[in-house]
Protein chains: 2
Amino acid sequence: MNQSESSNQELQPITNIDPLIHAPTRLKIMAYLSIVESADFTFLMNQTGLTRGNLSVNLRKLEDAGYISIKKVFVDRIPRTLIRLTGEGRLAIQTYRENMQQVLNELLGDKE
Amino acid sequence: MNQSESSNQELQPITNIDPLIHAPTRLKIMAYLSIVESADFTFLMNQTGLTRGNLSVNLRKLEDAGYISIKKVFVDRIPRTLIRLTGEGRLAIQTYRENMQQVLNELLGDKE
DNA sequence: CTAAATAAGTTTATAAAATAAACTAGTTCA
DNA sequence: TGAACTAGTTTATTTTATAAACTTATTTAG
């Protein structure tokens with residue numbers, strides 16, 4: 001294994017980063033959803049500090065990827081959007097966490 | 001401390017993420033420089049797989065932030081650009097690592 | 001010696017992504 | 001009944017990332 005291959009392997013975990021989860025805005029959404037059963041749109045918006053438009057667009061991306069599921073309900077005739085993590089989303093977070101752990105372990109060259 | 005404050009504190013580490021380092025392209029650059037004394041432009045380009053323009057623009061950003069220093073030398077009349085991490089850059093990586101460790105520890109709600 | 005090819009970058013055009021403003025449809029309130 | 005408010009969606013705008021085009025210099029081939 002030559003030096004080039006070695007270096008490529010060192011940077012491989014960064015190449016493998018899931019950009020969908022890695023973006024701070026979506027990371028906040030996924031992080032919050034990972035510790036609650038479900039959340040509604042307005043509540044999630046308040047917890048994350050995102051604007052309505054920003055949250056909506058990013059929820060759509062996560063839904064399209066199969067990481068979250070969205071359910072529309074009515075409470076006293078008022079529409080409510082409920083968001084929850086899917087099994088696939090939970091798995092994606094776990095993979096992201098393990099991959100990033102590897103990245104962090106290799107930063108600065110000291111292994112912990 | 002009400003629930004809102006608690007949630008805001010949980011997401012705080014994500015809010016504190018340094019976007020300069022967090023972007024995968026620059027994370028690769030910083031990660032590589034964190035384990036070598038210095039690297040030259042062409043070598044770094046080969047190790048990271050980036051194009052000349054992409055690497056140049058991102059090196060400029062890291063230099064402007066004070067995370068790296070750039071030195072131009074001539075080897076047999078050929079220009080060479082040498083890049084190395086600064087003390088401030090090393091500190092920024094350390095802060096990023098600690099902050100992201102916190103993020104990872106809180107994902108999925110289980111503490112390790 | 002000269003023109004073409006190559007090298008080491010920088011600059012800028014283009015593409016992609018992120019974000020917030022504008023918009024829509026419905027409910028509540030004065 | 002019209003204004004204000006709410007819960008989103010859509011789209012315009014801004015920001016960021018990326019690669020193509022460009023620049024300057026050296027090397028190579030004829």
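Quick note: numbers below take in every heavy atom, side chains included, and nothing from hydrogens, waters or symmetry partners. Labels below follow one simple rule: chain letters A, B, ... track the order of the sequence lines, proteins then strands, and each chain is numbered from 1.
- What separates CG of A:Leu55 from P of C:dA18 is a distance of 14 Å, to the nearest Å.
- The two atoms that bring A:Pro13 and A:Val103 nearest to each other are CB-CG2, 3.6 Å, heavy atoms only.
- You'll find that the side chain of B:Thr51 is closest to D:dA19, out of C:dA8, C:dA18, D:dA19.
- A sub-4.0 Å separation between OP1 or OP2 of D:dA17 and a side-chain N or O of B:Thr25 is absent.
- Summary of the strand contacts: B:Pro79 and A:Gly49 both lie near DNA chain C, and taking for each the nucleotide with the nearest heavy atom, the more 5' one is attributed to B:Pro79.
- Of the candidate nucleotides C:dT10, D:dA17, D:dG8, D:dG8 has the atom lying nearest to any side-chain atom of A:Arg52.
- Side-chain N/O atoms of B:Lys61 include one lying less than 4.0 angstrom from OP1 or OP2 on D:dA17.
- Between A:Thr81 and D:dA7 there is no side-chain polar atom (N or O) within less than 4.0 angstrom of OP1 or OP2.
- Atom CD1 of B:Ile78 and atom C1' of D:dT26 are 5 Å apart (whole Å).
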For the pair A:Gln94 and B:Leu107, evaluate side chain to side chain contact (heavy atoms under 4.5 Å, CB included) and give the outcome as yes or no after the intermediate values.
-> CA-CA 8 Å; A:Gln94 200 163 334; B:Leu107 281 177; over 6 Å; no

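- Nearest nucleotide to the A:Val57 side chain, out of C:dT19, C:dT11, C:dA8: C:dT19.
- For the OP1/OP2 pair of D:dA25 and a distance below 4.0 Å, the side-chain nitrogens and oxygens of B:Arg77 include no atom meeting the criterion.
- Rounded to an integer number of Å, the gap from B:Leu27 CG to D:dA17 P is 13 Å.
- In this structure, CG of A:Leu59 is placed 13 Å from P of C:dT19, rounded to the nearest angstrom.
- Computed from coordinates, the B:Phe74 CZ to C:dA7 P distance equals 18 Å when rounded to whole Å.
- Between A:Tyr32 and A:Phe43, the ring planes lie tilted relative to each other; the angle falls in the 30° to 60° range.
- Between A:Arg60 atom CZ and C:dA18 atom P there is a gap of 16 Å when expressed in whole angstrom units.
- Distances shorter than 4.0 Å separate none of the side-chain N or O atoms of A:Asn54 from OP1 or OP2 on C:dA18.
- Within the 4.5 Å cutoff, no side-chain heavy atoms of A:Lys61 are placed close to those of A:Tyr67.
- Heavy atoms of B:Thr42 sit under 4.0 angstrom from primed sugar atoms or phosphate atoms, though from no base atom.
- Both B:Arg26 and A:Leu82 lie close to DNA chain D; mapped to their nearest nucleotides by heavy-atom distance, the more 5′-ward contact belongs to A:Leu82.
- Atom CZ in A:Arg80 sits roughly 11 Å away from atom P in D:dT6 (whole-Å rounding).
- A 4.5 Å side-chain heavy-atom check between B:Leu50 and B:Asn58 finds every atom pair outside the cut-off.
- Counting heavy atoms from C-beta outward, A:Leu62 and A:Leu33 have side chains that stay 4.5 Å or more apart.
- Distance CG (B:Leu20) to P (D:dA17): 8 Å, rounded to an integer number of Å.
- For the pair A:Lys72 and D:dA7, the criterion of a side-chain N or O lying under 4.0 Å from OP1 or OP2 is not met.
- Out of D:dA17, C:dA8, C:dT19, the shortest distance to the side chain of A:Asn58 is found at C:dT19.
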